[in-house]
Amino acid sequence: MPKELDDWHGRMGGYVKRPDFAEYSEKYADYFVMRRRDGIIELRMHTDGGPAAFDFAVHNAWAQAWQEIGNDPDNEVLILTGTGDEWLRVSDASPEATRRFMAEPRPKDFAYEHTYYDAVKLLENFVFAIDIPTIAAINGPSVAHTEFALLCDITLASETATIIDPHVITGVAPGDGQQLTLQELLGAKRAAYHLYTGRPIGARQALELGLVNEVLPADGLVPRAWELAEEIMRAPRAARRLTHAIIQRPWKRRLVQDLGFGVAHEMFAISADRLIS
């Protein structure tokens with residue numbers, strides 16, 4: 001936040017304190033390694049210091065983190081990346097393991113709180129709560145959830161990066177976000193092919209299809225993200241933030257129109273499968 005405005009808040013009084021970087025970087029330390037320099041905040045997803053491993057706790061934490069990061073006026077450009085040579089992993093990515101994971105007994109109201117609600121807020125908070133330019137650096141292959149990278153204003157990818165929606169091949173309808181990014185960026189026909197087959201899109205193909213902006217060697221990926229972030233920071237504060245608003249408007253329309261519809265259908269498909277089985 002500009003110092004003059006911050007000082008004015010202090011003199012006037014009554015303004016609620018905004019999130020503090022030191023506090024929320026520690027709060028979400030199990031999920032992100034955060035660093036900030038000159039207004040540029042880097043979020044590196046991780047689990048125990050290695051590549052991020054997906055589970056429902058991660059699902060929940062990400063959605064909350066976007067709100068606090070977006071509400072900190074000292075954040076001016078966001079870089080999102082992963083750890084090591086994978087964007088996101090699970091211990092067993094087989095369709096059978098995924099079905100077992102989804103079918104595990106859960107407490108009452110788990111379905112609403114941690115499948116439907118978290119799935120919706122995961123994307124809504126990323127798009128509606130973060131009002132600064134965003135850059136993704138997809139550092140390697142992923143089992144799912146590259147939609148955040150595609151929702152970013154600029155998306156970079158390493159040579160080994162992959163983009164995939166695995167829902168149908170694991171017996172679940174694709175409704176929680178990746179399908180929206182594929183439909184918006186690839187068009188209905190090409191998106192349908194990848195949604196039905198679960199065929200991953202490699203980095204070079206993603207560049208050709210317009211899913212990513214640049215493909216780079218792994219060791220040059222994050223430095224390039226910082227180079228772009230520093231270039232963006234040279235623009236006036238209002239100009240860069242309002243440019244982000246313009247760039248994100250198609251995603252806001254898409255989420256308002258289709259996100260709840262998709263998640264509800266995904267949840268129904270899971271419930272129907274349980275009833276039949």
Side-chain angles (χ1 to χ4, degrees), residues 31-32 43-47 50-63 65-66 80-104 114-127 136-152 155 157-158 160-186 190-203 205-206 209 211-212 251 255 258-259 262-263 265-267 269-270 273:
Y31 309 98
F32 297 104
L43 272 61
R44 177 166 58 82
M45 304 180 296
H46 80 101
T47 300
F54 180 79
D55 59 23
F56 282 114
V58 168
H59 210 228
N60 177 262
W62 286 354
W66 309 145
L80 178 62
T81 191
T83 296
D85 57 3
E86 293 177 89
W87 174 262
L88 186 67
R89 63 177 176 84
V90 292
S91 56
D92 185 345
S94 68
E96 295 76 16
T98 301
R99 291 190 184 100
R100 289 195 302 272
F101 174 72
M102 295 302 296
E104 289 178 8
H114 296 306
T115 54
Y116 180 83
Y117 183 82
D118 281 351
V120 170
K121 293 305 174 185
L122 201 61
L123 266 69
E124 283 188 350
N125 292 350
F126 191 82
V127 171
I138 310 176
N139 57 301
S142 181
V143 295
H145 287 297
T146 45
E147 66 267 19
F148 305 115
L150 301 186
L151 288 168
C152 285
T155 305
S158 73
T160 61
T162 58
I163 294 165
I164 185 173
D165 191 316
H167 285 84
V168 173
I169 59 174
T170 58
V172 181
D176 62 5
Q178 185 74 85
Q179 89 287 358
L180 298 182
T181 56
L182 295 182
Q183 287 175 327
E184 184 77 16
L185 296 172
L186 294 182
R190 284 184 292 199
Y193 175 79
H194 287 284
L195 293 175
Y196 274 121
T197 65
R199 182 176 178 180
I201 301 170
Q205 184 184 9
L209 292 171
L211 294 171
V212 304
W251 291 124
L255 263 62
D258 294 330
L259 179 59
V263 175
H265 280 65
E266 179 181 351
M267 297 303 103
I270 294 170
D273 183 60

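If you read the sequence from its start, that first residue is 1, and numbering goes on from there. Since the structure is predicted, the reported quantities are computational estimates derived from the model, not experimental observations.
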(message) Using the side chain to side chain donor-acceptor pair (under 3.5 Å) criterion, which residues pair with Asn125? Sequence neighbours excluded.
(response) none
Could you tell me whether the side chain of [Y] reaches within less than 4.5 Å of the side chain of [X], counting heavy atoms only?
X: Arg190; Y: Leu209; answer: yes
X: Met45; Y: Thr81; answer: no
X: Leu182; Y: Ile163; answer: yes
X: Cys152; Y: Phe126; answer: yes
X: Gln178; Y: His145; answer: no
X: Leu123; Y: Trp62; answer: no
X: Leu151; Y: Val127; answer: yes
X: Asn60; Y: Tyr31; answer: no

Do any N or O atoms from the side chain of [X] and from the backbone of [Y] form a donor-acceptor pair under 3.5 angstrom?
X: Thr83; Y: Pro51; answer: no
X: Glu184; Y: Trp251; answer: no
X: Gln179; Y: Gly175; answer: yes
X: Asp165; Y: Leu195; answer: no
X: Thr162; Y: Ile201; answer: no
X: Trp87; Y: Val143; answer: no
X: Thr155; Y: Ala149; answer: yes

(message) Over 60° means perpendicular and under 30° means parallel, so tell me whether His59 and Phe54 are parallel, tilted or perpendicular.
(response) perpendicular
(message) Quick check for you: to the nearest 0.5 Å, what is the distance between Asp176 atom CG and Tyr116 atom OH?
(response) 12.0 Å
(request) Quick one: pull up CG in Leu150 and CG in Leu180 and give me the separation to the nearest 0.5 Å. (result) 11.0 Å
(request) Could I get the full list of salt bridge (charged side-chain N to carboxylate O under 4.0 Å, His left out) partners for Glu147, not counting sequence neighbours? (result) none
For the student: nearest non-hydrogen atoms of [X] and [Y], plus distance:
X: Val168; Y: Pro174; answer: CG2-CD, 3.7 Å
X: Ser158; Y: Ala203; answer: O-CB, 3.2 Å
X: Ala63; Y: Asp118; answer: CB-O, 4.3 Å
X: Thr160; Y: Gly140; answer: OG1-CA, 3.6 Å
X: Val120; Y: Leu259; answer: O-CD2, 3.6 Å
X: Thr146; Y: Ile164; answer: OG1-N, 4.1 Å

(request) Give a yes or no on whether the ring-centroid distance for Trp66 and Phe148 is below 6.0 angstrom. (result) yes
(request) May I have the step-by-step check of side chain to side chain donor-acceptor pair (under 3.5 Å) for Ser142 and Glu86, ending in yes or no? (result) CA-CA 6 Å; Ser142 181; Glu86 293 177 89; over 6 Å; no
(request) Go through Arg199 and Tyr193 one step at a time and tell me if the side chain to side chain contact (heavy atoms under 4.5 Å, CB included) criterion holds. (result) CA-CA 8 Å; Arg199 182 176 178 180; Tyr193 175 79; 3.0 Å; yes
